[in-house]
Amino acid sequence: MSSEPAAPPTDRPDTARRPGIVAAAPVLGVMALVSAWTGWGGLGLGLLAVVVALAAFARLRGSRDASRRGPLAGLALGLVAVGIAVVVEWSTLAGAVTYLETGGVRTLDECMRQAQNEKEQHVCKSQHLDEYRARYPSEIDP
């Protein structure tokens, strides 16, 4: 028996010493893809997966035998999740852009046309109280 310790085997990849960020990239990618159908959650996780995957690539840049499959999977899944989340939230994003472009201002007539019941009409009258009073001075305040 020799007193020297046995050397670790060198023919297998060193997966036990992978940095946490390298292992986190595919996990975040899968989480982003699963939650992409919820919209904003998938968008946030997808962007986080992309950032973590890029950071993992930066960490692995100097090593020769490190596997880049995990960060690559995280990057791909994160990008797909971002794409799905944008498609899911497109109507909300388009509505927000339209709202910002118009200044978010509707006239009393536009508001009343879009109101679907008396309660919504009352809200329109309250929001445009000055215009309502000027147009209908004999009416009782809403």
Quiz: residues 74-88 side-chain donor-acceptor pairs under 3.5 angstrom, not counting sequence neighbours:
none

Show me the donor-acceptor pairs within less than 3.5 Å that the side chains of residues 36-52 make with the rest of the protein, sequence neighbours left out.
from	atom 1	to	atom 2	distance (Å)
T38	OG1	S35	O	2.6
W40	NE1	E89	OE1	3.1

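A continuous path of Ile, Leu, Val, Met, Phe, Trp and Tyr side chains, each step under 4.5 Å between heavy atoms, connects L72 with L54, placing both in one hydrophobic cluster.
Among residues two or more places apart in sequence or in another chain, the side-chain contact (heavy atoms from CB on, under 4.5 Å) test is passed with R113 by D109, E110.
You'll find the side chain of V27 reaches within 4.5 Å of the side chain of M31, heavy atoms only.
Under the 3.5 Å distance criterion, the side-chain polar atoms of R59 are left unmatched by any main-chain donor or acceptor of I21.
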